[in-house]
Structures are given as structure tokens and as C-alpha cells.
There are 2 protein chains.
Amino acid sequence: MTQGVGDLDRSVGYALKQAAMALRVAMEAALRPLALTVSQYSCLEVLGQRPGLSAAELARAVFVTRQSMHALLLGLEERGLLERAATAPQGRALPTQLTDAGREILTEASAIVAAVERRMTAAFDREEVGRFVADLAACAEALNY
Amino acid sequence: MTQGVGDLDRSVGYALKQAAMALRVAMEAALRPLALTVSQYSCLEVLGQRPGLSAAELARAVFVTRQSMHALLLGLEERGLLERAATAPQGRALPTQLTDAGREILTEASAIVAAVERRMTAAFDREEVGRFVADLAACAEALNY
DNA sequence: CAGCGTATGTCAGGATACTGACATGACGCA
DNA sequence: TGCGTCATGTCAGTATCCTGACATACGCTG
């Protein structure tokens, strides 16, 4: 028999949505002094770990569309935080790289975000955090067949 | 010492965002046949469990603003899924209730969403799900001081 | 070599949620 | 009674993200 969701407080989806929203709000507040949105920070973070990515690759990594990433990159480029190749070395993909200013603000932002994550998981020990992350990854995987 | 986020695959925030996004996408796809958005479903679900709530109370329960909930309710009311008192019994709050059609579609939607949640947590046993939900709630709580 | 499929960058339009603002009604307090 | 505060409903404007579309560039295949 199929049943309904039942009590919201016991719903996995509700809890997941609530936790994700709390994290997003906390990150927005923490990043506001740097004038960075969560999407902008995510873009910088991915770019810091994997320099030379194209806009489309960045979009997939950050879970937004190419179009959103395009607008996002324009803003970050105008602020001098990253630079894009003027011409495509191959195909149409334009490699993107952080500037010195970009790496600098990323260092600050990354520390801020790490602090938020530590606050979120302050009640967990190292092992519990690992299991929690694995569970989250398993959830995402199970939904993306 | 403050450190950065490190490898994204080991970041709690990244995993949480990814799982929440996968769930949202899966729910949107599952609810599309009923022509319900996730926010609309959430509204109906809360209203089914707590009839008579005002728009402002619903907004807080669903984590949207009063204004968003207002527009959302107009759409659901026009579809005949819920009805709002024409005059306020007290104060300005207008109690909202599901119609028969609303309860009917909620039953379907709730089963659909429950199926998505089961798919998401298919690899967990009952105990693991409970712990997982508790962990999520602890994360949300730790961020809302 | 021509054609097809795929990936990318970019432009335009629309949906959704938010912030700001205003009016109204209830309540507490001097 | 009158005033200040708060909660609610509602309107307007804005931001953000999405879908749709088009042109371009590469790779594969007949």
C-alpha cells in the first residue's frame, strides 16, 4: 500500500529541505560582507579547485544552467575576480581562470564558509560527519538514476 | 587556524545542497502530472495537517514570504483546491481550508512524494532513516541560533 | 566530402520568490 | 480614551533563475 507523507516532522524531505535552507540563509548572511552570493562563491570555489573550466562545465558543477552561469561570470569578470580567454583555443569553450583578486577573495570566502559548515556540524564528531556526508551523497545518487 | 572548504566532495555543505537539489528536481518531475509545484504541494500538505491556518502562518511553515504565499494561494483558490474565509473572524487573518478537490489531489500528491522519499532512502533501514532525519534537524537547529 | 549529432556561448522572454511599502485591525498601556 | 506596537493582507518593483531559441564549432559516419 502507498501511504502519504505523514507527520511533516518525521519526513526526510522536509528535514532535508529545512537543513538546506538554513545552510543557504547562513551562507548568504556570512558572505554578505564580501558582497558575494552563494552561487558566486560556489563558482569561485570550483574555479579555484579546477582552473580553466568553461562556463558550461562550471554551470554543471554549481548546479545552475549555462545561462545563469553566463550572467554570473559577467558580474565576476567585471569585478576583476576572474578572466576569460577572449578566443576559444578549441571548440567554443572559453577557459576561465581566477585573477589574483579572485584568489584573494576566495581565500576569505572559503574560510567563512568553512566556519559556517563547522557551526552546522558542531555536534558531530569526525566519524559522524563522514557518515552524514555519505548518506547525503547516497540520497542524491538514488534520485539520479 | 581557519582553513578553507577543501575538496568539494568532502564538503558537508556541497553534499547537502546536492541532495536537496536532487530531491527538489525529483519532486518537481513527480508532481508535474498533477500540475503542482513543490511550493504548492507543500502548502496543501501543511494545510491538510493543520486546517484553518492563515496565509502568514502557512508562509512560515513552508519557508516562503507572506507575499509569495499570497500569490500561491490565489492560484490554488482559483483551481478550487482551497477556500479562504471572505471576512476575518478576528484580526485580519483569513483562515484557509482545503476543499474536497484539494483533499483529493493532496492524497495523490502525498503518495507521490512519499514514493520519491522512499526511493531516496531506499538504501537505508528504518533506524538509519531516523538517525539521518535527526542529523538533518540538528544541522538546521545549529544554524538558527 | 556532406550530413548529422553534440556541446558551447549568447540573447530574449517568462516564472517565481524576494524586498519595500501601505492600509487595516487587534492588543497593551498610560 | 488615545497612542504605539505588532500582525496580517495586499500592491508594486526587482532580482534571480529557468526554458526556449539560435548560431557556431567540433567529431563521427556514411
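In the text below, chain A, chain B and the rest are named by the order of the sequence lines, each starting its count at 1. Everything numeric here is computed off the predicted structure, so don't read it as measured data.
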In residues 65-78 of chain A, which ones come under 4.0 Å of DNA chain D, going by heavy atoms?
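Result for residues 65-78 of chain A: A/Thr65, A/Arg66, A/Gln67, A/Ser68, sorted by number.
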First and last nucleotide of DNA chain D, 5' to 3', lying under 4.0 Å from heavy atoms of chain B:
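Under 4.0 Å from chain B, the extent on DNA chain D is D/dT8 to D/dC11.
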Tell me yes or no: between the side chains of [X] and [Y], is some donor less than 3.5 Å from an acceptor?
X: B/Thr107; Y: B/Ser110; answer: no
X: B/Ser42; Y: B/Ser39; answer: no
X: A/Gln18; Y: A/Tyr14; answer: no
X: A/Ser54; Y: A/Glu57; answer: yes
X: B/Glu83; Y: B/Thr96; answer: no

Between atom [atom1] in [X] and atom [atom2] in [N], what is the gap in whole Å?
X: A/Arg32; N: C/dT19; atom1: CZ; atom2: C1'; answer: 12 Å
X: A/Glu28; N: C/dC18; atom1: CD; atom2: C1'; answer: 10 Å
X: A/Arg60; N: C/dT6; atom1: CZ; atom2: C1'; answer: 11 Å

Here's a test for you: under side-chain contact (heavy atoms from CB on, under 4.5 Å), which of B/Leu44, B/Leu53, B/Val64 qualifies with B/Leu58?
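The option that passes is B/Leu53.
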Starting at the 5' end of DNA chain C, which residue's closest nucleotide do you reach first, A/Ser54 or A/Arg24?
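The answer here is A/Ser54.
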In terms of relative ring orientation, are B/Phe132 and B/Phe124 parallel, tilted or perpendicular, with 30° and 60° separating the classes?
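It falls in the perpendicular class, over 60°.
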Looking only at heavy atoms, which two atoms of A/Val38 and A/Arg24 are closest? And how far apart?
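Of all heavy-atom pairs spanning A/Val38 and A/Arg24, the closest is CG2-O, 4.1 Å.
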Check every strand shown and say whether A/Thr37 touches a base, only sugar-phosphate, or nothing at a heavy-atom separation below 4.0 Å.
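The answer is nothing, as A/Thr37 stays clear of every strand by at least 4.0 Å.
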